[in-house]
Amino acid sequence: MRIRAYANTVVYLAFTVFKAYYPVFSQCCEYFPVPAESKNISLFSLNVNKMARKVKRLTHKKRRSSRPVKTEAAENVQYEVEKVIGTSNQGNTIYFEVKWKGFPSEENTQEPEFRLTCDDKILSYLVRRLDPIAYLDTIPESIEDINAMKTNKNYILDVIEPLTSIGQMTVLSGSVKFVNVDSIPSRVKYLKHMITCEQSYILKSLFVPPEDDVRRDMKQYQEELDLLQKSFTDYPKITIRIPYQIQTVFYSPPPLSKLLFEPISEAMFEERESDKYHFPPNSDILGFNKVVPFIDRSHLEEMADKKIKPTLEKDRLDFNSNPRFNVRMSLSQYPAYGWNLTLNEEVDENTPLLVIAGVVRPVAVAQKCLEEEGEIVAFSSFIEIPNSGMCLDRREFFDFSKYIPHNCEPTCGVRLVNSGNDVPDLVVYSLVSIDSSCTYTVSLDYFQMFQSDVKDHFLKNPAPDGQIFSLYEKLTDFVHCQCSMPSCKEVLYVSTMQKQLQQLLKSSKKKSRLDSDEESEQKIFGGLNLVDSDRIYAIRNGEFVD
């Protein structure tokens with residue numbers, strides 16, 4: 001009898017788990033098209049588990065006075081959001097009206113956006129609130145349009161708030177939340193960035209096209225991507241996955257004209273109008289959710305006929321004649337996360353995976369971006385190339401590594417690799433064996449450079465009730481990790497560090513000579529520092545060598 005009762009309990013629990021997570025599993029992605037050699041690859045990735053966790057993610061609010069508490073510590077309790085039902089703005093901050101799970105509607109509260117970590121519920125609210133077609137007309141065409149209306153309360157709530165919510169959910173594949181107390185000014189900066197750098201295709205994600213149109217357009221997109229990659233054989237083969245069922249949101253893949261497959265110099269960027277090898281022209285054909293994802297047909301024909309001649313940066317090695325990377329990868333999308341890069345096959349520890357591409361620029365460009373455009377743009381766009389005085393700018397042109405999420409227990413790291421010239425490549429490699437046990441996940445610790453500063457901050461500012469609550473109560477901007485791993489650091493960056501830096505720069509009489517001031521240069525933000533060491537490697541036959 002005991003064995004039977006135990007067995008019945010196990011079956012019941014298994015059924016309960018399946019019932020709870022079936023909606024998540026039904027959102028799983030498929031290959032399109034599915035390579036014959038990849039049909040045995042698991043279609044699940046870490047993001048499926050992340051999606052399941054995100055549905056249950058708790059957020060923070062204080063108990064209402066109608067429910068007295070016994071101790072001060074009990075104030076810092078976590079509650080679960082049932083749904084978001086309204087929005088407003090108070091001062092410089094966006095507020096959401098929240099219905100709390102397990103509480104009646106009379107207990108609804110107005111919560112500042114920066115305290116909420118429930119992007120899935122905010123996305124559901126936006127889907128209910130916005131007309132999926134009419135809202136496309138609200139997307140501004142220029143920053144002048146934004147400047148003219150940025151103080152208008154209705155424009156803030158009807159345009160700036162929903163559009164920036166859609167975009168910010170996808171930053172670093174939804175793995176972190178940038179907590180900005182003055183949320184409206186930071187959102188205005190972010191929206192200007194999206195328009196200026198031609199990233200507005202992300203803002204159209206609530207318009208879900210017919211499924212047949214998506215599959216037709218994805219087939220064309222994959223064919224054009226494959227043709228582009230024939231000219232860049234050093235870059236790993238990428239297959240785009242689309243959902244089995246497209247429901248509330250669809251993220252268009254990045255425009256092919258914005259993709260880079262190797263780093264380029266600033267001089268090459270300035271000549272982009274004539275460099276069709278790295279910068280293929282856009283097609284005028286709309287695809288997916290009314291975006292321009294394709295390449296001009298005449299350019300594709302010239303590529304097929306090998307009429308487009310390769311252009312190489314001075315002294316850069318021709319890796320396309322002897323490719324360094326041979327691991328196949330996939331790009332998948334998930335609601336409230338955007339795109340996410342994963343592997344298609346098992347790899348051993350210490351395997352080179354792909355080069356990070358962008359425009360190579362002086363570190364001063366990254367610092368200027370941080371000062372003028374804010375942390376969310378600077379941290380998601382710039383990566384430092386140590387000991388070179390240069391960084392990779394990925395604001396407008398980038399590669400698929402931009403869809404690698406943050407994780408406090410990363411599967412991958414970054415190394416410097418010889419490129420042939422004075423500026424080494426940044427190469428993502430496996431820190432551990434990556435296989436089905438970790439769902440072929442590719443992840444990086446983007447914020448490791450700030451951890452000692454975060455520890456120092458809390459040594460000087462003790463937080464007995466918890467670091468997150470302390471920062472909320474003191475109205476401090478910070479980066480909140482959403483990886484949910486056992487060793488999650490939670491607080492990845494505290495913005496008081498940047499404020500102190502700004503004061504240093506303003507008071508320094510040597511500001512104009514920072515490039516030659518070694519001590520000051522260490523304080524300049526030159527992009528996120530991801531590399532493990534200053535050692536410069538080489539790669540032969542898919543392996544690191546001395």
Side-chain angles (χ1 to χ4, degrees), residues 170-173 197-199 201-202 221-222 224-241 251-266 268-269 272 275 277-280 293 295 310-313 316-317 319-320 323-333 338-344 352-361 366 379-385 390-406 412-417 419 423-430 442-444 446 527-528 530-531 539:
T170 67
V171 173
L172 296 181
S173 298
C197 294
E198 300 180 5
Q199 307 293 312
Y201 64 93
I202 300 172
Y221 185 92
Q222 185 72 61
E224 294 187 9
L225 174 61
D226 292 344
L227 185 57
L228 284 175
Q229 289 204 254
K230 286 183 179 180
S231 298
F232 297 94
T233 55
D234 183 52
Y235 201 85
K237 178 72 171 65
I238 304 292
T239 301
I240 311 297
R241 297 180 181 185
Y251 300 101
S252 173
L256 292 169
S257 62
K258 296 297 181 182
L259 289 174
L260 293 174
F261 300 99
E262 61 185 17
I264 62 165
S265 66
E266 196 165 26
M268 296 173 71
F269 173 79
R272 61 188 180 279
D275 183 2
Y277 178 70
H278 289 101
F279 302 96
I295 297 300
T311 56
L312 291 176
E313 185 182 354
R316 182 174 177 83
L317 298 174
F319 295 111
N320 293 314
R324 298 171 290 180
F325 312 104
N326 50 34
V327 178
R328 298 170 65 90
M329 301 184 184
S330 291
L331 199 68
S332 309
Q333 65 171 270
W339 292 102
N340 183 207
L341 190 67
T342 56
L343 302 186
N344 282 4
L353 299 177
L354 76 164
V355 65
I356 302 176
V359 182
V360 179
R361 287 190 162 122
F379 290 175
S380 63
S381 302
F382 288 90
I383 302 178
E384 184 179 5
I385 307 174
M390 309 298 282
C391 62
L392 280 181
D393 180 354
R394 306 191 298 167
R395 286 175 295 181
E396 185 174 359
F397 295 93
F398 49 88
D399 74 298
F400 290 108
S401 69
K402 195 167 185 178
Y403 302 110
I404 298 176
H406 166 82
C412 297
V414 176
R415 283 177 173 168
L416 298 172
V417 173
S419 66
V423 181
D425 284 344
L426 296 171
V427 169
V428 178
Y429 75 101
S430 56
V442 179
S443 59
L444 291 167
Y446 286 97
L528 296 179
L530 306 183
V531 301
I539 300 175

Pairwise side-chain contact, Y277 with S231, heavy-atom cut-off 4.5 Å (strictly under): yes

Residue pair M329, L354: steps toward the side-chain contact (heavy atoms from CB on, under 4.5 Å) verdict: CA-CA 10 Å; M329 301 184 184; L354 76 164; 3.9 Å; yes

Distance-minimising heavy-atom pair for P236 and V327: CB-O, 3.2 Å

pair V359-M268: side-chain heavy atoms closer than 4.5 Å: no

Side chain proximity check, V355 to L426, heavy atoms < 4.5 angstrom: no

side-chain hydrogen bond (donor to acceptor under 3.5 Å, both in side chains) between R394 and S380, intermediate numbers included: CA-CA 8 Å; R394 306 191 298 167; S380 63; over 6 Å; no

Heavy-atom check, side chain of V414 versus side chain of Y429, under 4.5 Å: no

Exercise: identify the closest heavy-atom pair between R241 and N344: NH2-OD1, 4.3 Å

Nearest heavy atoms of Y446 and I404, plus distance in Å: OH-O, 2.6 Å

Under 3.5 Å donor-acceptor, N326 side chain and R328 backbone: no

Quiz item: cation-pi between R361 and F269, 6.0 Å / 45°: yes

Minimum side-chain heavy-atom gap I240-I238 below 4.5 Å: yes

Within-4.5 Å side-chain heavy-atom neighbours: F319 and D425: yes

Shortest non-hydrogen contact between I356 and S401, atoms and distance: CG2-OG, 3.5 Å

Pairing residues for D275 by the side chain to side chain donor-acceptor pair (under 3.5 Å) criterion, not counting sequence neighbours: H278, T311

Stepwise side-chain contact (heavy atoms from CB on, under 4.5 Å) test for T170 and Y251: CA-CA 10 Å; T170 67; Y251 300 101; 3.6 Å; yes

Backbone of L260 reached by a side-chain donor or acceptor of D399 within 3.5 Å: no

S330 backbone acceptor or donor facing T239 side chain under 3.5 Å: no

Check: S173 side chain, W339 main-chain N or O, donor-acceptor pair, under 3.5 Å: yes

Minimum heavy-atom distance between A366 and C391, given as atom pair plus value: CB-SG, 4.1 Å

Side chain to side chain, Y235 and P323, heavy atoms closer than 4.5 Å: no

Smallest separation among heavy atoms of P254 and F400, with atom names: CG-CE2, 4.2 Å

With sequence neighbours excluded, residues passing side-chain contact (heavy atoms from CB on, under 4.5 Å) with P352: F325, V427, I539, F544

Main-chain N/O of I295 paired to E224 side chain as donor or acceptor, under 3.5 Å: yes

Close side-chain approach of F382 to L392, heavy-atom, < 4.5 Å: no

Reported NZ-to-CD1 distance for the pair K402 and I383, which is rounded to 0.5 angstrom: 9.5 Å

Donor-acceptor contact present, side-chain Q199 to main-chain C197, <3.5 Å: yes

